[in-house]
Every structure is written in structure tokens, then in C-alpha cells.
Amino acid sequence: MAMLRLDKYLADMGLGTRTEVKQFIKKGQVLVNEEIVKKPEYKVSAVEDEIVCCGKKVGYTEFEYIMLNKPQGVVSATQDERDKTVLDLITEHDRKDLFPVGRLDKDTEGLLLLTNDGKLAHELLSPKKHVPKTYFVIVDGVVTKEDVDLFAEGFQVDAELFSKPAQLKILEAKEQSEVYLTITEGKFHQVKRMFQSVNKPVLYLKRVQMGRLKLDETLKLGQYRQLTEEELALLR
Ligand code: URA
């Protein structure tokens with residue numbers, strides 16, 4: 001990895017804004033290889049140099065992978081003029097280059113991956129890769145075997161969308177049914193449109209799995225954590 005400015009290094013690692021970390025540096029609170037460095041523009045190697053800020057060793061990771069249990073009411077964007085975004089929820093590991101991998105609607109909950117690894121994001125989102133995404137869905141109406149068969153075949157959802165084969169698993173079929181739906185595409189409002197098309201509007205939607213990565217159900221809504229090495233390997 002190339003050399004980078006000391007203030008950028010510290011800001012990337014979430015130690016503060018660029019202005020805040022400059023203050024740490026100017027106050028002599030930052031050591032590079034055990035020497036105080038007071039120049040924010042000083043170039044460091046993320047691999048070779050040992051950097052200590054305010055008494056704590058800082059390890060540089062080029063890529064961050066965060067699993068968020070997205071709550072309703074936040075949008076899957078990096079910036080929004082009206083609404084709070086998923087990035088506003090990330091207060092630790094807060095790097096300016098993070099972005100959500102794909103989108104969940106404002107009223108959809110569940111598994112959302114945030115990263116700065118554009119290559120992995122592309123692999124997961126590319127339509128050619130057919131990465132399956134599983135949703136827990138509550139719909140208004142009784143889901144039937146006919147729905148299962150129709151979804152399994154692929155069907156004309158509406159004027160613009162012909163859905164690819166999708167797997168529908170009924171958990172409870174009653175006035176308000178509970179199902180798991182696995183799709184390999186990610187068209188705009190896809191799940192809602194598929195159920196709307198069979199006159200069973202979605203009442204609640206939560207993503208529980210993406211590829212082989214499952215939502216950690218111990219994360220409360222709005223909580224997040226870094227992926228483990230094992231989880232990252234599942235995505236690759
Ligand atoms: N399908 C939808 O309709 N909404 C989502 O948020 C995700 C998939």
C-alpha cells in the first residue's frame with residue numbers, strides 16, 4: 001500500500017475528523033515509530049510504520065466490512081437532504097469512504113452490508129452473479145401453493161418486470177401470511193412488486209441473508225458490527 005498523510009490515516013481509522021486529528025498531531029499526541037510527529041502532512045506507511053494516537057496503537061485496515069441491522073426510517077444512501085442515512089448510524093469505524101452494498105427501502109429492515117471495497121460490492125451486486133437474497137416477509141393475504149409455483153417459474157410481475165425464478169417458503173399461511181422469499185435479482189421494490197402482483201401487499205419486509213452471509217439476529221435494529229474473517233470468506 002502506498003504512503004499516505006498522517007492526518008488522513010488517522011481520520012480514515014475513525015479517530016476523528018480531519019480537523020480533530022490535526023489537533024491531536026499538533027498537540028504532540030501522535031507518535032510514529034515512537035517519535036512524536038507534529039506535521040499532519042507527514043507521510044506514513046500503513047504497513048510498516050507503527051502509529052500511536054493518544055496512547056493507543058492504531059492499526060490501518062484498507063477495507064472495512066460492516067454488517068448493519070437496518071431499522072425502518074433510514075435510507076440506504078451515503079447522503080440525503082431529507083432523511084437520515086444508514087451511514088449516520090455508523091459512529092465507530094466511521095470512514096468517509098464507506099457505502100451501502102445495494103439498497104433496502106426506507107421501510108425495509110435487516111441485513112445491509114457497508115464497505116469501502118468496491119470490488120466486493122460489485123461482485124455481490126452484479127446481475128450476472130445471481131447472488132441470492134432472502135427476505136422474511138409478512139403479507140396481507142393467504143399465500144398459496146399456486147404462489148409458490150408461480151414464483152418458482154418466474155412471471156410477469158408488472159409492465160416493466162418479469163421476475164426470474166424465486167423460491168418462496170411458506171412459514172404461516174393465514175389472513176396475514178409469513179414467508180421467506182429468496183430472489184437472485186434486485187430490481188426496484190422487487191419483493192413488494194412481486195407480492196402486489198398476486199394481490200398480497202407486503203406489510204413487513206426484512207432481509208435476512210445475502211449470498212451465504214446471514215443477518216446476526218443478536219444485532220438489535222440500528223446496531224452493527226464488523227464482519228468476522230469467516231463471514232467475509234463466505235462472501236468471497
Ligand atoms: N424488495 C423490496 O421491495 N424492497 C426492499 O427493500 C428490498 C427488496
Side-chain angles (χ1 to χ4, degrees), residues 66-80 82-90 98-115 120-143 147-148 150-172 176-217 219-224 235:
I66 291 173
M67 174 194 293
L68 168 72
N69 186 359
K70 180 193 168 297
Q72 295 186 3
V74 290
V75 294
S76 304
T78 47
Q79 269 182 325
D80 195 272
R82 261 184 322 154
D83 292 306
K84 205 167 153 179
T85 74
V86 287
L87 282 179
D88 293 328
L89 300 173
I90 311 298
L98 286 179
F99 58 87
V101 178
R103 281 170 187 271
L104 291 178
D105 294 338
K106 190 173 165 186
D107 59 356
T108 301
E109 295 178 356
L111 176 61
L112 189 66
L113 187 66
L114 301 161
T115 188
L120 182 75
H122 176 75
E123 298 267 304
L124 291 170
L125 295 175
S126 164
K128 287 189 204 124
K129 303 275 174 181
H130 311 291
V131 173
K133 285 153 286 236
T134 302
Y135 295 84
F136 169 74
V137 199
I138 304 180
V139 300
D140 190 8
V142 184
V143 175
D147 296 327
V148 175
L150 180 70
F151 281 31
E153 269 173 36
F155 69 109
Q156 193 71 46
V157 174
D158 53 38
E160 286 93 38
L161 177 63
F162 188 95
S163 72
K164 294 212 169 78
Q167 195 195 344
L168 184 55
K169 187 173 169 213
I170 300 175
L171 300 173
E172 226 168 3
Q176 288 186 359
S177 303
E178 296 185 6
V179 299
Y180 281 126
L181 176 65
T182 303
I183 55 175
T184 57
E185 325 167 79
K187 301 276 163 52
F188 184 63
H189 294 330
Q190 175 136 3
V191 176
K192 290 175 184 163
R193 284 159 76 187
M194 287 170 79
F195 282 105
Q196 189 61 52
S197 157
V198 292
N199 290 318
K200 287 154 203 171
V202 168
L203 302 174
Y204 174 79
L205 186 56
K206 173 185 176 183
R207 183 156 64 193
V208 293
Q209 189 163 346
M210 187 170 187
R212 292 190 290 159
L213 179 70
K214 290 195 168 117
L215 174 68
D216 175 351
E217 297 280 355
L219 289 175
K220 298 203 178 82
L221 287 169
Q223 285 187 334
Y224 60 89
L235 284 181

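Everything quoted here is computed from the prediction, not taken from an experiment. Counting starts at 1 for both ligands and their atoms, in listed order.
Close approach of ligand 1 to Tyr135 (heavy-atom distance below 4.0 Å) involves ligand atoms 7 (C), 8 (C). The atoms of ligand 1 that sit less than 4.0 Å from any heavy atom of Thr108 are 4 (N), 5 (C), 6 (O).
By the criterion of a heavy-atom distance under 4.0 Å, neither the backbone nor the side chain of Val202 is placed next to ligand 1.
Results of the side-chain contact (heavy atoms from CB on, under 4.5 Å) test with Phe195 over Asp147, Leu205, Val179 single out Val179 as the only residue that passes.
Given atom 1 (N) of ligand 1, the protein heavy atom at minimum distance is Val191 N, 3.1 Å. Scanning the protein for heavy atoms near atom 4 (N) of ligand 1, the closest one is Asp105 OD2, 2.7 Å.
Taking the six-membered ring for Trp and the full ring otherwise, Tyr204 and Tyr135 have centroids separated by 6.0 Å or more.
Salt bridge absent: Asp140 and Lys200 never bring a charged side-chain N and a carboxylate O closer than 4.0 Å. A salt bridge links Glu217 with Lys206: at least one charged nitrogen is closer than 4.0 Å to a carboxylate oxygen. Under a 4.0 Å N-O distance rule, the pair Asp105/Lys70 does not qualify as a salt bridge.
At least one N or O atom of His189 sits closer than 3.5 Å to an N or O atom of ligand 1.
Looking at Leu104 and Arg207, their side chains come closer than 4.5 Å, going by heavy atoms from C-beta outward.
Taking a 4.0 Å cut-off on heavy atoms, Phe188 fails to register as neighbouring ligand 1.
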